[in-house]
Amino acid sequence: MYHVLPIRNFSIYLGAIVVLSSIVAWSALSQGVLTLCFLKENSMAGPIPRLSPGDPNSYSRPDLVKVTKIDLDLDVDFDRHILFGTASLDIQRINSTADSLVLDAKDLTIKQVKDEVGSILAHTLDVPLGSFGSKLTIALKITSATVVIEYETSPNATGLQWLNPQQTSGKTHPFLFSQCEAIHCRSVLPCQDTPAVKAPYTATVRVPKEIVVLMSAQRKNVSETEGVYKFEQSVPIPAYLIAIVAGKLDSRVIGDRSRVWAEPDVVEKAAYEFAETDDFLKAAESLAGPYVWGNYDILVLPPSFPFGGMENPCLTFATPTLLAGDRSLTFVIAHEIAHSWTGNLVTNANFEHFWLNEGFTVFLERKINGRLYGEQSRQFAAIGGWNDLEEVVNTLGADNEFTKLNPDLTGSDPDDAFSSIPYEKGSVFLWYLSDIVGNEDFEEWLKTYIKHFQYQSIQTEDFKTHLLNYFKDHRMADKLDQVEWDTWLHGKGLPPYKPSYDYTLAEACTALKNRWVDWIKDGMPQPAPFSPLDIRKFSSMQVVEFLVQIFAENIPEEAIKQMEKAYALNDNHNSEIRLRWMRLCIQGRWKEQVSPALDYATSQGRMKFVRPIFRDLYGWEEMRQKAIDAYYAHKDQWMYMTAYAVAKDLHLEEKKD
Ligand SMILES: *[C@@H]1O[C@H](CO)[C@@H](O)[C@H](O)[C@H]1NC(C)=O
Ligand SMILES: *[C@@H]1O[C@H](CO)[C@@H](O)[C@H](O)[C@H]1NC(C)=O
Ligand SMILES: *[C@@H]1O[C@H](CO)[C@@H](O)[C@H](O)[C@H]1NC(C)=O
Ligand SMILES: [Zn+2]
C-alpha cells in the first residue's frame with residue numbers, strides 16, 4: 001500500500017511519527033530463563049537531535065565502552081531473506097565508571113545477550129528513530145570482556161539486498177549483497193556504527209551448496225563442500241566497511257595480488273575490463289605508501305548495485321555498468337583503490353567529515369590517472385569533476401546546507417546528504433592547496449598525512465592542524481596564510497577558487513559543440529554537416545564532455561534528432577555516454593526517447609545514472625506520471641538506497657504500513 005505525499009525533509013518527518021507507548025516484552029531463552037527486554041518509551045515529536053557526542057548519526061558511546069574486535073558466526077537463509085547467528089564483540093572500558101555497552105541496531109531481532117562465560121546480560125532496545133534505527137544498551141558485568149549477541153536480521157534490512165535467481169545474470173541461484181556505508185551496518189549486525197570506532201573482524205558464514213561467500217577480508221581455509229566460509233580482517237576497520245556477498249560466483253586472476261569475481265557468465269568480460277588493476281595499485285603505492293590489505297580483489301555485482309563502486313577492503317564491490325568493453329570506465333577502480341589509503345586507513349570520524357574520505361580519494365584517483373595516462377588526462381578528468389560540481393550546486397541550490405564541505409548532519413540521514421559535493425568540492429580544495437604550496441611539496445605532505453593518521457579516524461580539524469604544522473615546519477607557513485578556511489569548510493555553493501585547468505583534451509569537444517551551435521543559429525541548413533568522423537577519435541569521456549557542453553546550450557529536438565543520425569548515440573551502450581545522451585533527449589522533449597531512457601534507468605540501480613533520469617522526467621510535466629509508474633514498477637528490484645532516493649526525486653513518500 002502506498003501513501004503519497006509531498007515532503008520537505010523525509011527524516012524529520014519520520015522522526016515526528018515515532019510516538020509509541022512503552023512496551024515490555026518477555027523473551028523466553030533456550031535455557032528456560034526469562035529475561036526482561038524493554039522497548040523504551042520515546043515520544044520524540046520534534047527534529048531528531050545529535051544521537052551521541054561524537055557522531056550525530058550513531059547512538060554508540062565509544063567514549064565509555066569501545067568495541068575492539070568483532071567475531072561473526074552467521075547462517076545465510078535465502079528462503080527467509082535473513083542472516084541469523086551471533087555477533088561476539090570484545091570490549092574495552094574507556095571510562096571506568098561505565099557499566100553498559102551502547103550499540104546501534106536497525107530492524108534486528110535480538111534474541112539474547114551473554115558474556116564470554118555464558119552469563120545472560122540484560123539488554124534494552126529503544127524504539128527506532130527514523131532511518132537511524134534503535135539504541136541497544138547492554139548491561140555489563142564487572143568482569144565482562146566480550147558480549148555475545150544472538151540475533152537475526154530483518155528481510156527489510158536496509159544494508160542487505162536479496163535477489164531471487166531471476167534478478168541475477170545466471171538466473172539459477174539466489175544472490176545476496178550488502179552495502180553498509182553510510183549507516184546501514186546496524187541493519188546487518190549490532191555494532192558501534194560510527195566510523196570513529198575501528199576494529200578487526202573474523203567471520204564464519206554458512207550457505208547452501210554451490211553458493212560462494214566473500215567478505216571484505218582475507219579468505220581463510222574454505223571447505224566448499226560443507227558450505228562453510230571463514231574470513232579474517234586483521235586491519236581495524238569502521239563498521240561501514242564490513243561487507244558480504246553470497247551467490248554463484250567464479251573468479252579469474254588479474255594480477256599478483258588480484259582476482260576478479262563475478263557470476264560465471266560475466267567473469268571473462270570483467271577480467272578483460274579490469275586488467276590494468278595492478279598498474280593502478282602500483283601508481284597508488286608510489287603516491288600514498290605501502291598497500292597494507294594483502295590482496296586486492298574486485299567483485300562485479302548484479303545491476304541493482306546502487307553505487308559505481310564500494311571500497312570494501314580486500315574486495316572492491318563494482319557495478320556492472322563499468323563493463324564498457326573498452327576499459328574506458330575503470331577510473332572507478334582507481335577511485336576504489338585510492339580508498340585503500342584515504343577512507344580505509346585514514347577514516348572520517350563521522351559523516352560530517354565525509355569529504356576527508358571522498359575529496360582525498362578523488363584527488364588521489366586523478367593523480368593515479370595522471371601517473372598512468374599523463375597530466376592532460378588528469379586535467380581532463382578534473383574538468384569533468386568541475387562540471388559535476390556545478391551541476392550538483394544547481395540541483396541542490398547554492399543555499400543548501402549539504403553544499404558545505406563540512407555540513408551539519410544533526411537529524412539528517414547521511415544518505416540524504418549524499419552528493420558529489422564532498423567528492424568534487426573536496427578535491428578542488430586539495431587542488432587549490434596544491435596550487436598554492438606547489439605540487440611536489442603537496443605530494444610530500446599527502447604521504448606524511450596518510451602515514452600520520454593511518455589506522456585512525458579523524459575530523460577536518462585534525463587535517464587542518466596537520467597541514468598547517470607541516471608547512472610551518474617546512475618554512476612555508478606564509479603560503480597558507482591566504483586560505484579562507486571558513487569559506488572553504490563552512491561556505492555554501494561553489495568554492496571560492498576554480499583551478500586553471502589545462503583544457504587541451506576538452507578543446508576538440510568544445511570545437512564540435514561550437515559547430516553544432518553555429519549550425520543551429522544558421523537555421524539548421526540541410527544537409528547537416530556532421531558525420532561519424534566528428535567523434536571517431538574521441539575517447540568515451542570526450543564524447544561525454546561534448547554531450548555535457550551541448551546540454552548547457554539547451555538545443556532543440558530537431559538538432560538532437562540530427563545528432564542521432566550523425567553519431568548513432570542510441571546504439572552506444574557506454575553507461576556514462578548513455579546518461580548524458582538520454583538527458584539531452586529529455587531536455588529536448590524528444591518523446592520517443594522517454595521509453596528507452598526509462599529502460600536505461602530501470603535496468604540497473606546505480607544512483608548516479610538512475611536519479612538524474614527520474615529527476616529530469618519529473619520536471620517534464622507530461623511525462624511525470626510515466627516516471628512515477630516506472631518507479632512503482634521497478635522499486636522492488638532496486639536496493640533500498642536507490643528506491644529511497646528516487647522516491648525523494650519524484651517527491652513521493654512511501655509510508656510503511
Ligand atoms: C565517565 O563517565 C561519567 C558518566 O557519564 C562522567 O561523568 C565522567 O566525566 C566520565 N569520566 C571521564 C574521565 O571521561
Ligand atoms: C583446512 O581445512 C582442512 C579440512 O577442513 C583441515 O584438515 C586443515 O587442517 C585446515 N588447514 C588450516 C591451515 O587451517
Ligand atoms: C517489512 O516491511 C513490510 C512493508 O514495508 C512490512 O509489512 C513488514 O512487516 C516488514 N517486515 C519486518 C520483518 O520488519
Ligand atoms: Zn569513494
Side-chain angles (χ1 to χ4, degrees), residues 50-54 59-66 91-102 135 137-140 142 179-184 195-196 216 237-238 240-241 243 280-281 284 287-288 293 296 298-299 301 305-319 321-322 329-348 351 353-369 381-382 384-385 388-389 392 405 414-415 417-430 450 457 606-608 641:
R50 290 180 90 78
L51 299 185
S52 67
Y59 298 101
S60 64
R61 295 294 305 269
D63 52 323
L64 302 176
V65 179
K66 194 168 91 174
I91 55 169
Q92 182 192 354
R93 285 173 182 72
I94 303 297
N95 181 324
S96 54
T97 69
D99 55 5
S100 59
L101 170 67
V102 183
K135 179 179 184 179
T137 310
I138 295 169
L140 299 173
I142 289 171
Q179 168 57 43
C180 287
E181 196 177 22
I183 57 166
H184 299 285
S216 53
I237 55 166
Y240 77 80
L241 290 177
F280 290 164
L281 277 166
L287 288 157
W293 307 89
Y296 175 82
I298 300 169
L299 165 75
L301 287 146
F305 187 62
F307 295 100
M310 176 63 210
E311 64 272 21
N312 297 317
C314 305
L315 183 68
T316 282
F317 282 23
T319 164
T321 63
L322 301 183
L329 305 180
T330 51
F331 53 87
V332 172
I333 298 301
H335 179 94
E336 306 315 330
I337 286 175
H339 270 306
S340 307
W341 291 268
T342 48
N344 298 6
L345 267 192
V346 182
T347 307
N348 54 209
F351 289 100
H353 305 278
F354 191 42
W355 83 274
L356 293 177
N357 280 14
E358 296 302 345
F360 273 79
T361 297
V362 168
F363 186 79
L364 255 184
E365 163 204 336
R366 293 190 182 138
K367 284 274 180 185
I368 296 171
N369 178 328
D388 290 350
L389 182 56
V392 68
L405 262 194
D415 283 350
F418 184 87
S419 75
S420 306
I421 292 287
Y423 294 72
E424 299 299 345
K425 195 174 186 178
S427 74
V428 168
F429 186 31
L430 298 175
I450 290 168
S457 303
R606 186 172 170 191
M607 289 192 279
K608 175 182 179 181
M641 295 91 186

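Side chains are part of it too, since the values below use all heavy atoms of this structure and drop only hydrogens, waters and symmetry mates. Order of listing sets the numbers, starting from 1, for every ligand and every atom in it.
- Panel note: side chain Gln179, backbone Glu181; a donor-acceptor pair is recorded below 3.5 Å.
- Proximity of Glu358 to His335: side-chain heavy atoms (C-beta onward) are separated by under 4.5 Å at one or more points.
- Nearest to the Zn ion (ligand 4), among the N, O or S atoms that His339 has, is NE2.
- Side-chain rings of Trp355 and Tyr423 stay apart, their centers remaining 6.0 Å or farther from each other.
- At a distance under 4.0 Å, a protein heavy atom can be found next to atom 2 (O) of ligand 1.
- Between Phe360 and Phe363, the distance separating the two ring centers is not shorter than 6.0 angstrom.
- Taking a distance limit of 4.0 Å, we find that atom 9 (O) of ligand 1 is approached by no protein heavy atom.
- Geometry at the Zn ion (ligand 4): OE1/Glu358 and NE2/His335 form an angle of 100°, nearest 10 degrees.
- Here the protein heavy atom with the shortest distance to atom 5 (O) of ligand 1 is Leu64 CD2, 4.4 Å.
- Scanning the protein heavy atoms around atom 14 (O) of ligand 1, the nearest turns out to be Asn95 ND2, 3.5 Å.
- For the pair Ser60 (side chain) and Pro62 (backbone), a donor-acceptor distance under 3.5 Å is absent.
- Phe418 and Phe307 have their aromatic ring centers within a separation under 6.0 angstrom.
- Atoms of ligand 1 found under 4.0 Å from any heavy atom of Thr97, numbered from 1 in the order shown, are 1 (C), 2 (O), 3 (C).
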